[in-house]
J.: 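Okay, here's the structure, questions in a sec.
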Amino acid sequence: MNAVTDAAPEDMNLLSDHDFRLVVRRFIEANYPAEIRNPPKRLHWSENKPWYMTLSRQGWLAPGWPREHGGMALSPLKQIIMIEEMERYGAARTNDMGIVMIGPLLLKYGTPEQKATFLPAIIAGEHVWCQGYSEPNAGSDLASLRTEAVLEGDTYVVNGQKTWTTLGSDANWIFLLVRTDKAVKKQEGISFLLVPMDSPGITVRPIVNLDLHDEFCEVFFDNVRVPASNLVGEPNKGWTMAKALLGFERIHLGSPKQSAHALQRLAQLAERMGVSEEPQFQDRFTRLRMDLEDLKALYETYVERLRRGEGLPPSVSMLKVIQSELYQKITDALLDVAAENAGLLEPMEGNRDLHPSGIFIAARPSTIYGGSNEIQRNIIAKNVLDLPG
Amino acid sequence: MNAVTDAAPEDMNLLSDHDFRLVVRRFIEANYPAEIRNPPKRLHWSENKPWYMTLSRQGWLAPGWPREHGGMALSPLKQIIMIEEMERYGAARTNDMGIVMIGPLLLKYGTPEQKATFLPAIIAGEHVWCQGYSEPNAGSDLASLRTEAVLEGDTYVVNGQKTWTTLGSDANWIFLLVRTDKAVKKQEGISFLLVPMDSPGITVRPIVNLDLHDEFCEVFFDNVRVPASNLVGEPNKGWTMAKALLGFERIHLGSPKQSAHALQRLAQLAERMGVSEEPQFQDRFTRLRMDLEDLKALYETYVERLRRGEGLPPSVSMLKVIQSELYQKITDALLDVAAENAGLLEPMEGNRDLHPSGIFIAARPSTIYGGSNEIQRNIIAKNVLDLPG
Amino acid sequence: MSQQLAEDDRAESIRMIRDSAAAIAPPGGDLKRVRALRFKTPGFDPAVWAEMGALGWTGLRVPEELGGSGLGMGEFCALAEALGAGLAPEPLVPCMLSAMLLSAAATHPTTLIGSGEAGEALAAMLTGEAMVLTAWQERANTLEAPGTPGAARLFLPMAGGATHFLVPVREAAGLALYIQPAAGADLTLEATQDGGSFGTLRPAGGVKILDQCAAVLEQALGEAALGTAATLLGVMDRAFAITLDYLKTRTQFGRPIGAFQSLQHRAADLAMEVALTRASVEAAAASLDAAAPNRGAAIARAKARASDSAMLVTRQAIQLHGGIGYTDEHDIGLYLRRAMVLASLFGGAALHRRAFMTLAPESGDE
Amino acid sequence: MSQQLAEDDRAESIRMIRDSAAAIAPPGGDLKRVRALRFKTPGFDPAVWAEMGALGWTGLRVPEELGGSGLGMGEFCALAEALGAGLAPEPLVPCMLSAMLLSAAATHPTTLIGSGEAGEALAAMLTGEAMVLTAWQERANTLEAPGTPGAARLFLPMAGGATHFLVPVREAAGLALYIQPAAGADLTLEATQDGGSFGTLRPAGGVKILDQCAAVLEQALGEAALGTAATLLGVMDRAFAITLDYLKTRTQFGRPIGAFQSLQHRAADLAMEVALTRASVEAAAASLDAAAPNRGAAIARAKARASDSAMLVTRQAIQLHGGIGYTDEHDIGLYLRRAMVLASLFGGAALHRRAFMTLAPESGDE
């Protein structure tokens with residue numbers, strides 16, 4: 001703990017945006033472990049737990065939660081500033097499913113017992129959560145999921161398979177969307193269930209991705225017995241609750257930081273390859289820079305809405321599409337500039353900043369996950385432009 | 001008539017491709033009116049009739065028709081060579097609907113009386129035809145046309161409206177797709193009817209286009225009476241016949257000549273604007289040149305099929321899409337290079353070769369007509385790639 | 001708190017400007033007036049020009065002490081956007097440039113022979129009696145005004161209706177500014193695609209109204225570039241709205257064509273272009289009004305984006321209309337024609353990309 | 001007529017080559033073999049390499065009098081395409097380059113000390129015992145071989161399995177060619193995305209086998225670029241076929257995803273890229289085999305097109321597969337990784353565009 005952050009008030013909303021930013025920045029600089037700055041891949045719990053616990057001790061783990069549950073109760077804008085400062089320093093994302101998904105869900109729909117059981121365990125780093133939404137045949141079409149939970153007395157019996165479970169092998173709890181009524185139409189009949197990962201009948205299989213990293217898992221459920229008290233909210237209302245969770249987080253998918261980072265790497269690589277002064281490179285680089293600046297300007301208009309306390313309109317989908325496609329345009333340029341080095345598996349010359357193929361592959365999922373860009377364009381067409389179904 | 005062409009055999013198929021090309025080239029050079037070379041717009045009958053009649057006298061008006069009807073009975077490949085030579089010299093397309101549409105239709109489906117009446121009149125330049133297919137509410141979806149013909153005794157009574165009728169105000173005959181049976185599904189119940197343009201009840205209204213030229217017309221039918229003997233083929237089979245006509249003509253929509261011509265104009269304009277040596281222009285120009293050369297290579301593979309006597313597969317739609325979109329990419333570059341001159345209505349400095357806005361506007365319909373590129377991509381997806389409906 | 005109030009005032013003033021623009025370019029209004037003026041000299045309506053003066057638009061950016069409203073680029077861009085959407089042919093943006101030069105001349109501390117003329121011309125333009133164009137451009141594709149004595153000045157929009165020309169001329173002491181009446185000037189006109197014209201002026205004589213105009217001209221050219229970007233924003237935004245309407249109403253194969261996914265996705269792409277352009281133009285206006293150090297780069301970005309996106313959107317608007325979009329009688333083509341003229345005026349996309357490269361040198365870490 | 005017969009013969013010989021390729025890279029065959037060889041040294045299967053020799057592939061372009069088949073680039077490209085489609089890791093294209101150099105050395109009229117070595121190495125490669133790589137490249141992004149004595153030679157594909165290296169060295173009389181055994185060579189390996197490796201060689205010693213290799217090396221580099229383009233054609237063609245299959249079978253929202261129009265149109269776009277690449281590669285092979293004067297430009301076009309299109313098609317193949325496409329266990333990712341390595345080998349798209357500009361000076365009217 002350094003002096004500046006000790007001096008910060010308990011309610012950080014009382015600080016001006018500028019002061020708040022400085023306080024956060026200094027804390028990060030003073031406390032973030034240097035060896036995990038800008039990690040090229042998503043970190044496992046064993047790697048990011050120390051930072052998680054540092055934030056926990058500081059009381060900064062849950063910026064959006066109410067203060068009585070150990071949160072900071074920050075305004076949306078200050079939450080954004082906090083994320084910006086984390087990204088600026090290259091602080092890794094922690095195993096934050098408990099913070100960003102389960103916490104808000106229980107605060108809104110949980111019983112007093114559920115809140116008392118689960119929220120402190122998240123703040124203490126005792127419960128590490130993972131998400132069980134996607135299934136092999138329910139990707140973009142989430143409502144068609146098939147993992148089912150049948151009530152036997154006061155116990156649900158769960159059978160099925162989840163996939164794309166981020167850091168599933170690190171978690172000791174999973175939250176599930178399960179089908180509890182097959183007679184109704186597919187968005188209905190879905191419930192929300194909390195399940196310990198050590199329940200008999202659960203098998204976790206890591207999936208190795210194109211980046212040769214095991215960020216995701218498949219999770220199999222074979223007659224897994226879950227107490228009915230682990231149901232959140234009403235039965236068959238899981239879909240509605242899950243959708244309600246997708247609120248202001250959507251703006252993060254459009255944060256220009258990813259593209260900004262890639263563009264810096266492009267400048268470095270061009271320098272190293274000796275093409276920085278070539279007119280063709282300069283033209284391409286200038287276009288990308290201008291695209292990035294325009295994205296930032298558009299992003300600012302949404303941050304401004306938050307600043308004014310307004311909600312985010314469906315057009316925020318545009319940010320996600322523009323950012324992810326710009327990110328990929330930049331990584332395309334990285335490969336071109338790298339020439340033969342684009343084929344190397346590892347960073348050039350052992351320098352992690354010169355790893356064109358790594359960034360290129362890391363950029364692949366950005367147009368697939370978080371609602372594929374095809375789905376986002378459907379949303380823009382229908383919910384923003386009001387085009388017919 | 002000059003010596004070389006007089007020396008050509010009556011059956012031009014007997015010439016080698018090379019000799020044939022030279023004979024055609026020399027004839028065009030010796031006989032084509034200089035003042036209408038490379039016209040910026042489609043010519044009216046008053047302007048292109050002399051050349052039409054020259055071809056008629058030479059016996060070269062109908063390259064694909066059988067010789068007993070005044071045609072040349074040329075092989076498909078030699079027909080292509082003939083078109084290539086016309087395009088090379090900048091010979092204007094004549095009012096050729098009689099030659100390329102009505103002739104082949106009557107040869108395949110016409111009665112002996114119809115052939116005897118209409119074919120010689122086309123060759124003699126007495127009948128000038130126009131096409132009545134499109135309607136205001138049946139553009140890409142031609143089968144949903146609504147102009148109807150009701151049989152009263154031995155006379156059809158036609159009511160409705162056609163549009164996009166090329167050079168309709170020049171024609172004295174029109175061929176129509178009309179609905180003769182409303183009870184069946186929409187592709188059926190369509191018939192093919194030949195109608196004199198001076199029939200009472202026909203009104204022609206020229207449409208001025210973005211190029212401010214009146215190439216197209218609307219044609220209105222108000223109780224127009226047409227003898228039943230002017231029906232071609234069986235009643236209610238018009239759709240099938242019209243589709244059968246769209247045969248090897250489709251390759252012309254993919255001819256690289258249009259793009260090649262535009263690219264030459266781009267080179268000239270860049271020279272005039274003093275940007276030919278700028279690296280950014282050179283990069284863009286080189287990409288366009290390489291795209292054009294690849295299009296030519298692909299076009300050649302289809303010409304090669306014709307050379308081998310094979311038919312054209314549905315994938316020939318690809319040529320149309322690639323050519324029209326390349327053409328537009330080139331005209332985009334023309335506007336950029338022209339800078340402020342892009343806004344001028346007329347050619348720069350009175351030089352018809354320096355008319356960037358003119359080519360740009362002329363290129364607009366290429367992705368709309370002849371089956372819009374959206375329709376062509378549907379065709380590629382369904383008929384070439386066999387993707388589900 | 002007071003900053004928030006100032007921001008709210010600003011938003012309110014911009015809203016009022018937009019409302020007042022409806023007097024001349026009503027949203028969804030027809031374009032009969034625009035069509036009637038096409039391909040005739042002067043290409044715009046002098047009565048409407050006078051009305052624009054009366055509404056305070058001509059003097060929007062002119063200091064209050066000279067009879068203007070002294071408003072910022074935020075307000076001006078809102079107005080230019082609305083007029084762009086309505087395709088108003090009156091040359092407000094080029095005249096705003098002249099107004100800035102005349103304002104500088106009228107308030108210049110050094111008394112020149114012509115400072116009275118400058119004030120008079122400005123006053124006459126603010127009432128709509130005069131239309132003053134600045135004849136700065138000597139070749140295509142530039143934002144530089146070398147002021148070569150005797151050289152022809154090109155691409156003067158709607159010059160057939162001008163009453164005066166301002167002509168920068170390079171002299172020993174610097175770039176001087178002369179005013180000459182349009183009557184008797186050696187001026188030729190060429191028609192433009194949007195129904196207006198470009199004039200070519202061979203300047204002669206006139207009265208000197210400024211000794212040194214290089215700095216103010218450079219700034220005014222930047223503002224004119226941004227005003228043109230805002231006009232293009234209006235053009236593309238309305239063209240897109242018309243196209244969306246068409247997608248919802250035109251049916252083919254038994255469905256509105258806007259129900260076809262490939263067209264939906266294309267519409268989504270165009271919506272993103274419009275949104276990016278709006279964000280870019282508004283950010284540039286704000287940075288100009290705040291005299292931010294990066295305002296030059298912001299203007300370059302906004303004009304590059306607006307030029308490219310307006311061409312993309314209006315081209316696709318034609319494509320999505322199909323055959324009807326290629327007729328001159330359908331209004332959508334008017335938007336393409338206007339975009340073709342404005343895209344390169346006060347610098348096209350390529351020129352502004354080069355400007356951005358110079359004005360915003362890359363920083364190692366921003 | 002006889003020309004037609006020759007063309008028919010040619011088509012038949014190309015068809016036979018394609019059929020024979022199925023022995024090692026069967027259409028629709030699984031990629032277990034390919035996966036098993038990934039990220040291990042040497043990255044390919046020496047037994048398969050020997051089989052390729054036995055099938056006559058290593059000597060496909062080698063003159064018959066030296067034990068090869070003396071076939072043209074049409075045949076070689078057909079073979080390379082089939083092997084590309086099957087992702088065969090054996091380095092046939094780089095070895096074809098070496099075979100051309102060894103053929104020149106073995107038949108060179110001037111007897112050098114090393115002409116025997118050249119013949120022996122060539123014979124051993126034709127049986128699959130040897131694998132000879134040419135260490136010509138001294139920096140990234142070039143097709144020039146300066147032959148700097150002592151300079152490290154880069155980007156040697158699958159170098160861990162090489163038996164010999166050919167090293168061009170600049171000498172007073174010209175660019176000489178040396179052969180050195182791989183055993184004992186100063187060689188380091190770096191893993192590549194496709195599971196193979198790039199070697200860096202610090203050449204030393206060896207036996208001179210040619211005095212002047214500049215011309216034959218330049219020609220062989222062009223042929224290797226085209227062979228790589230053909231390999232990329234196979235990569236993208238198969239990746240596209242796998243993707244089409246997926247579009248037809250994967251269902252979402254109750255329909256096969258290939259029924260969604262936006263994906264249909266994207267598939268159509270990719271089909272056009274594949275078709276253009278095929279046309280370009282085949283035209284370049286034909287112009288090489290006919291020794292056409294424009295063959296250099298044709299090669300540049302084919303490699304530029306193949307590099308760009310292969311990246312586009314394999315990137316989109318991942319996107320169209322959605323999440324499953326991002327897993328390492330799905331084969332589609334293997335195609336992206338191979339494209340990433342081959343796109344820049346023997347020159348990337350930008351390099352070949354510059355080459356085209358030089359080789360095909362614009363003509364006023366073609």
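Values below: every heavy atom of this structure, side chains too, minus hydrogens, waters and symmetry copies. Reminder, nothing fancy here: chain letters follow the sequence lines and each chain counts from 1.
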J.: Which atom pair, heavy atoms only, marks the closest approach of C:Y326 to B:I361?
T.: CE1-O, 3.5 Å
J.: Which atoms of C:F253 come close to chain B, meaning under 4.5 Å heavy atom to heavy atom: side chain ones, backbone ones, both, or neither?
T.: both
J.: Looking at B:K329, I'd like to know if its NZ atom is crowded, meaning that more than 12 non-hydrogen atoms belonging to other residues, nucleotides or ligands lie closer than 6.0 Å.
T.: no
J.: Can you tell if the side chain of B:V208 reaches within under 4.5 Å of the side chain of C:E329, non-hydrogen atoms only?
T.: no
J.: Just how far is it from atom OG of B:S372 to atom CD of C:Q252, taken to the nearest 0.5 Å?
T.: 8.0 Å
J.: What part of C:L336 lies closer than 4.5 angstrom to a heavy atom of chain B: side chain, backbone, both or neither?
T.: side chain
J.: Quick check on the interface: out of B:D332, B:T163, B:L335, who has the most heavy-atom pairs with chain C under 4.5 Å?
T.: B:D332
J.: Closest approach of C:A140 and B:A339, non-hydrogen atoms and distance?
T.: CB-CB, 4.3 Å
J.: List the steps and the verdict of salt bridge (charged side-chain N to carboxylate O under 4.0 Å, His left out) for B:E325 and C:R315.
T.: CA-CA 12 Å; B:E325 293 179 4; C:R315 270 191 280 127; over 6 Å; no
J.: Counting C-beta onward and ignoring hydrogens, is there a side-chain heavy-atom pair between B:N341 and C:F198 closer than 4.5 Å?
T.: no
J.: At a heavy-atom separation under 4.5 Å, does B:T367 approach chain C through its side chain, its backbone, both, or neither?
T.: both
J.: For B:N378, is it the side chain, the backbone, both or neither that has a heavy atom under 4.5 Å from a heavy atom of chain C?
T.: neither
J.: Which answer fits C:R250, side chain, backbone, both or neither, if we ask what part of it has an atom under 4.5 Å from a heavy atom of chain B?
T.: side chain
J.: For the CZ atom on C:R354, are there more than 12 heavy atoms of other groups (residues, nucleotides or ligands in this structure) within a distance under 6.0 Å?
T.: yes
J.: Of all heavy-atom pairs between B:N209 and C:R337, which one has the smallest distance, and what is that distance?
T.: O-NH2, 4.2 Å
J.: Does any non-hydrogen side-chain atom of C:M311 lie less than 4.5 Å from one of B:F360?
T.: yes
J.: Heavy-atom distances under 4.5 Å only: say whether B:D336 touches chain C with side chain, backbone, both or neither.
T.: neither
J.: Would you compute the distance between atom CD of C:Q193 and atom CD of B:E346 and round it to the nearest 0.5 angstrom?
T.: 8.5 Å
J.: Counting only non-hydrogen atoms closer than 4.5 Å, does C:A191 touch chain B with its backbone (N, CA, C, O), its side chain (CB onward), both, or neither?
T.: both
J.: Does B:Q187 CD have over 12 foreign heavy atoms under 6.0 Å away?
T.: yes
J.: Is it the case that more than 12 heavy atoms not belonging to C:R202 sit under 6.0 Å from its CZ atom?
T.: no
J.: Taking every non-hydrogen pair under 4.5 Å, which of B:A342, B:P365, B:P136 racks up the most with chain C?
T.: B:P365
J.: Shortest non-hydrogen contact from B:L210 to C:T327?
T.: CD2-O, 3.9 Å
J.: Is any side-chain heavy atom of B:S357 less than 4.5 Å from a side-chain heavy atom of C:M340?
T.: yes
J.: Checking B:E340 against chain C: side chain, backbone, both or neither under 4.5 Å from a heavy atom?
T.: both
J.: Please classify the contact of C:F260 with chain B as side chain, backbone, both or neither, using a heavy-atom distance under 4.5 Å.
T.: neither
J.: Go through B:N373, B:I207, B:I368 and name the one with the most non-hydrogen pairs under 4.5 angstrom from chain C.
T.: B:I368
J.: Please answer whether the main-chain N or O of B:L344 pairs with a side-chain N or O of C:E190 as donor and acceptor at a distance below 3.5 Å.
T.: no
J.: Find the one option among C:V341, C:T192, C:T142 whose heavy-atom pairs under 4.5 Å with chain B are most numerous.
T.: C:T192
J.: Hey, what do you get for CD (B:E374) to OG (C:S262), rounding to the nearest 0.5 Å?
T.: 6.0 Å
J.: With a 4.5 angstrom heavy-atom cut-off, is it the side chain or the backbone of C:L334 that approaches chain B, or both, or neither?
T.: neither
